[in-house]
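Working notes, structure below.
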Amino acid sequence: MPAFPLLAVDIGNTSTVIGLADESLNLTHTWRVRTNRDVLPDDLALQLHGLFTLAGASAPRSAVLSSVAPPVGENYGLALRRHFMVEAFSVSATNLPDVNVELDQPDAVGADRLCNLFGAERYMTTHEYAVVVDFGTSTNFDVIGRGRRFLGGVLATGAQVSADALFSRAAKLPRITLQAPQTAIGRNTTHALQSGLVFGYAEMVDGLLRRIRAELPGPAVAIATGGFARTIEGICREIDHYDETLTLRGLVELWASR
């Protein structure tokens with residue numbers, strides 16, 4: 001039975017990124033939708049069918065799922081089984097024998113972080129190590145060694161979560177768009193908040209990357225991905241590459257490597 005198109009679904013706490021890949025493992029279509037834990041399998045099947053129809057894309061013949069929101073991942077699996085006759089491969093540390101997770105509890109690593117490991121490999125041709133900075137609900141720093149070694153990382157609060165916490169605790173502060181202002185010194189409340197939340201966050205990212213690199217025995221390439229990466233592109237000095245599709249492409253390459 002043909003394996004393509006291949007459906008890749010990366011389910012995060014805030015958003016879900018969906019893609020279709022062809023025989024060359026290239027992503028031909030990508031979509032980003034809101035993660036909703038209350039949506040049932042039949043609803044998800046309708047959503048997928050609508051996306052495929054709008055894009056004029058063929059229905060998938062196989063699927064790979066990464067989920068940090070277990071009920072949603074299970075529902076996607078049911079939707080694909082019932083309505084597309086596809087049995088999805090669900091990523092976990094226990095079903096990837098060629099990946100070495102060097103953590104105290106290897107099975108505790110998130111599926112999305114394992115996908116980042118595969119997505120980062122193309123950037124490691126001249127480096128022994130890579131650090132993927134994944135800007136989502138939380139900001140994850142995934143430290144990867146050549147040979148599909150997951151060495152550990154850092155978990156930090158996401159920029160939007162930090163902003164929401166600040167706004168909820170300080171009633172007089174206006175809700176703002178997270179974008180970089182022209183200068184670090186703010187001349188009004190909005191600009192001052194943007195400086196602190198964007199420039200301050202970028203400095204945190206740069207500082208952690210410097211600390212991580214100092215602890216590694218060799219040079220490391222740093223790649224940014226996730227929604228907030230677009231906002232800090234060009235601001236963070238320690239990031240070498242920006243790749244919005246890194247996790248999704250990693251899912252595709254992980255599936256192909258089994």
Looking at Arg149 and Val99, would you say the former's side chain and the latter's main chain have a donor-acceptor pair under 3.5 Å?
no
Less than 4.0 Å between a side-chain N and a carboxylate O, is that true for Arg258 and Asp98?
no
From the list Phe118, Phe89, Phe4, ring-ring contact (aromatic ring centres under 6.0 Å, His included) with Trp255 holds only for Phe4
First locate atom CD of Gln182, then atom OG of Ser195, and finally report the distance between them rounded to the nearest 0.5 Å.
12.0 Å
Give a yes or no on whether the backbone of Ala224 and the side-chain of Asp134 come within a donor-acceptor separation of less than 3.5 Å.
no
Quiz question: by atom type and distance under 3.5 Å, do the side chains of Glu102 and Asn100 form a donor-acceptor pair?
yes
Given the rule in the side chain to side chain contact (heavy atoms under 4.5 Å, CB included) test, do Leu6 and Leu20 qualify, once you have shown the distances and angles that lead to the verdict?
CA-CA 5 Å; Leu6 167 68; Leu20 282 175; over 6 Å; no
Might you work through the side-chain hydrogen bond (donor to acceptor under 3.5 Å, both in side chains) test for Ser138 and Asn140, ending with a clear yes or no?
CA-CA 6 Å; Ser138 62; Asn140 301 340; 3.0 Å; yes
Does a donor on one side chain and an acceptor on the other come within less than 3.5 Å for Ser15 and Arg32?
yes
Step by step, work out the side chain to side chain contact (heavy atoms under 4.5 Å, CB included) result for Thr225 and Val133.
CA-CA 6 Å; Thr225 191; Val133 187; over 6 Å; no
Which atom of Val68 lies closest to which atom of Gly12, heavy atoms considered:
CG2-CA, 3.7 Å
Let's go through Gln47 and Asp43 carefully: what are the C-alpha distance in whole Å and the side-chain angles of both, what is the deciding distance for side-chain hydrogen bond (donor to acceptor under 3.5 Å, both in side chains) to 0.1 Å, and is it a yes or a no?
CA-CA 6 Å; Gln47 181 188 70; Asp43 298 314; over 6 Å; no
Thr35 and Thr14 side chains, donor-acceptor separation under 3.5 Å:
no
Please determine whether salt bridge (charged side-chain N to carboxylate O under 4.0 Å, His left out) holds for the pair Arg249 and Glu253, giving the CA-CA distance in whole Å, both sets of side-chain angles, and the decisive distance to 0.1 Å.
CA-CA 6 Å; Arg249 184 168 41 75; Glu253 293 173 7; 3.5 Å; yes
Regarding Asn116 and Thr247, do their side chains bring together a donor and an acceptor under 3.5 Å, going by distance alone?
yes
Applying side-chain hydrogen bond (donor to acceptor under 3.5 Å, both in side chains) to Tyr123 and Asp240, what does each step give before you reach the verdict?
CA-CA 10 Å; Tyr123 297 101; Asp240 302 301; over 6 Å; no
Between CG of Asp206 and CD1 of Ile232, what distance do you get to the nearest 0.5 Å?
8.5 Å
Candidate pair Thr28 and Asn26, rule side-chain hydrogen bond (donor to acceptor under 3.5 Å, both in side chains), full reasoning
CA-CA 6 Å; Thr28 57; Asn26 294 319; over 6 Å; no
